[in-house]
Undergrad: 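Quick one: structure below, then a few questions.
For clarity, every value in this text was computed on a predicted model and none was experimentally measured. Starting from 1, each residue takes its place in the sequence as its number.
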Amino acid sequence: MSIHARDPDTGGTATASALLARAADAELRADHRLATSIDDFFLAGDGRLDDRVRARLAATLEALVGAIEAAIRAHAARLLAARGLTALAVDVGSGAPVALDRLLGAGLMRDPAVMHELIGRVRQTLIAEALPVEAAPLGSSGKADQPSLLARLSRHADHVVATGAVALLATESRRRAPLVAGATTRTDLPAAIQQRLIWWVAATVREATTSEGAGTTEPLDRALAESAQRSLAAHNESDRLEAAATRLAIALDPRAEELAALLAEALADQRLSLFIALLGHALGLHYADMRDIVLDPDAERLWLVLRALKLDRPAIARIGLALCEADPRRDVEQFADLLDTIVAVDPAQARAAIAPLLLHPEYRAAVLAIARGAKA
């Protein structure tokens, strides 16, 4: 583009107006950036997302919201076209993606439940990918060329176990696969989170379309609502990775003396979802709650869980070292120093200490809410 002087023309009026408007807001934007930088500087290190998690979270958000928006736009456009509203159908179907930017701008993605699920999902994936792969895990035959854990389980004599292993392999593969825009709204999210995102996205499409002068909004609202309901109807909670891992853990139902070896094999095979599900099943704890315990880098609750299940020193050491290697937030030397203390905890004491974790989830949430209020 040339920067040499040229004769002004009226075509630049709109651009000049936009520039003047942005310049008028520049000081406010600068103040906002400064406030954000100050907040970031004083944010405690243990609460800050590292670059790896931040990048994966951004990519996950973009993929999930983008897939939902594309599916809603495509189906709503088909409905509008079938009803003779061709121009509106084109506007909806060919509109540029707006949902993620709008949701971020409105602050809706700060929703604690949504971000808790997404951050947990991202951390679980990253830790699973970084787990050290071992050819001969604890309790195995020691053969370096043996198939992976799930491959062996998929050929198990028990049909329920074999089916569960195949289902977990399939759901893990689907979780890793990129979402295809417009093809599906299968996000693998919990139903409550999926519902929230779908309705939010439908509202952003409405806003973007009506701002372009769509006239009456009744046909648009009806098409978007029907499209959102179609996406919600397609959601199946039992198809999620977490549900598949839980079903396999229930099918395996390992005896107490089998649990340590199976947990170690799950980690050695990078199947963190199965590791979480096995612990949850052994304790009678929901997958999401057990995931929080496993992903907590401080890990005090995890060590108590392992002692409550009567895992011995070699098993706890193996699990702790694997998690330290996979999660940069964990300190392997600190874990080594703490190992004797962990093993010294009596299983009965550990069970008593984790008893509050086993309360009904809603009751436990209420107890925590009251405790937070008392400390405020």
Side-chain angles (χ1 to χ4, degrees), residues 117 120-121 123-129 131 133-141 143 145-177 179 184 186-194 234-295 302 305-306 309 311 315 318-319 322-323 326 358 361:
E117 174 61 30
R121 172 171 167 164
R123 287 200 189 282
Q124 177 181 315
T125 300
L126 289 172
I127 291 173
E129 292 173 352
L131 283 168
V133 180
E134 301 178 26
L138 182 68
S140 73
S141 63
K143 296 178 181 178
D145 59 348
Q146 67 175 345
S148 70
L149 174 62
L150 286 189
R152 297 199 313 276
L153 291 177
S154 69
R155 299 194 294 270
H156 200 281
D158 186 328
H159 175 70
V160 177
V161 171
T163 301
V166 171
L168 183 53
L169 281 167
T171 54
E172 284 197 339
S173 177
R174 187 171 67 238
R175 174 71 65 87
R176 289 192 296 267
L179 292 170
T184 180
R186 179 180 283 176
T187 60
D188 225 17
L189 291 168
I193 305 300
Q194 172 90 345
H235 183 71
N236 188 343
E237 193 83 3
S238 65
D239 287 343
R240 299 181 63 229
L241 168 63
E242 294 78 4
T246 299
R247 287 196 299 271
L248 179 56
I250 293 170
L252 288 167
D253 193 22
R255 298 189 299 271
E257 63 271 18
E258 299 172 330
L259 181 60
L262 199 50
L263 288 170
E265 282 200 82
L267 290 182
D269 201 30
Q270 296 186 309
R271 308 295 178 182
L272 187 60
S273 61
L274 182 56
F275 176 84
I276 293 170
L278 286 167
L279 285 177
H281 174 62
L283 279 178
L285 200 58
H286 190 275
Y287 184 99
D289 294 324
M290 194 69 242
R291 182 182 67 183
D292 288 345
I293 292 172
V294 170
L295 297 184
L302 177 58
V305 164
L306 297 181
L309 296 172
L311 267 66
R318 191 179 193 91
I319 289 168
L323 291 175
L358 307 180

Undergrad: Please report the closest heavy-atom contact between A277 and A245, naming both atoms and the distance.
TA: CB-O, 3.4 Å
Undergrad: Rounded to the nearest 0.5 Å, what separation is found between the CG atom of L323 and the CG atom of L267?
TA: 5.5 Å
Undergrad: Is there side-chain contact between I127 and V294, with heavy atoms separated by less than 4.5 Å?
TA: no
Undergrad: Is any side-chain heavy atom of Q194 less than 4.5 Å from a side-chain heavy atom of R240?
TA: no
Undergrad: Quick one: closest heavy-atom pair of P254 and A249, and the distance?
TA: CD-O, 4.1 Å
Undergrad: For a quick test of reading the model, state the closest non-hydrogen atom pair linking S154 to A165 and the distance between them.
TA: N-CB, 3.6 Å
Undergrad: State which residues pass salt bridge (charged side-chain N to carboxylate O under 4.0 Å, His left out) with D289; sequence neighbours excluded, sorted by chain then number.
TA: R364
Undergrad: Nearest 0.5 angstrom please: Y287 OH to L241 CG, how far?
TA: 5.5 Å
Undergrad: Would you check if the side chain of T171 reaches a backbone N or O of L168 as a donor-acceptor pair within less than 3.5 Å?
TA: yes
Undergrad: Could you grab the distance from atom CZ of R318 to atom CG of L263, nearest 0.5 Å is fine?
TA: 12.0 Å
Undergrad: Report yes if the side chains of L262 and L274 come closer than 4.5 Å at any heavy-atom pair, otherwise no.
TA: no
Undergrad: About how many Å separate CG of D253 and CG of D158, when rounded to the nearest 0.5 Å?
TA: 10.5 Å
Undergrad: Measure across L259 and A282 and return the closest heavy-atom pair with its distance rounded to 0.1 Å.
TA: CD2-CB, 3.9 Å
Undergrad: Between H281 and T246, is any pair of side-chain heavy atoms under 4.5 Å apart?
TA: no
Undergrad: Where is the tightest heavy-atom contact between I276 and R291, given as atom of each residue plus distance?
TA: CG2-N, 3.7 Å
Undergrad: Are any of the side-chain heavy atoms of H286 and E242 separated by less than 4.5 Å?
TA: no
Undergrad: With rounding to the nearest 0.5 Å, note down the distance linking CD in Q270 to CG in L150.
TA: 11.5 Å
Undergrad: Is there side-chain contact between L169 and R271, with at least one heavy-atom pair below 4.5 Å?
TA: yes
Undergrad: Which heavy-atom pair separates D269 from S148 by the least distance, and what is that distance?
TA: OD1-CB, 3.1 Å
Undergrad: Measuring from S273:OG to L248:CG, what's the distance to the nearest 0.5 Å?
TA: 9.0 Å
Undergrad: Test D188 against every option in R121, R175, R176 by the salt bridge (charged side-chain N to carboxylate O under 4.0 Å, His left out) rule and name the one that passes.
TA: R175
Undergrad: Could you check whether any side-chain heavy atom of L283 comes within less than 4.5 Å of a side-chain heavy atom of L279, counting everything from C-beta outward?
TA: no
Undergrad: Looking at L252, is its backbone amide N or carbonyl O close enough to the side chain of H156 to form a donor-acceptor pair, meaning the two atoms are under 3.5 Å apart?
TA: no
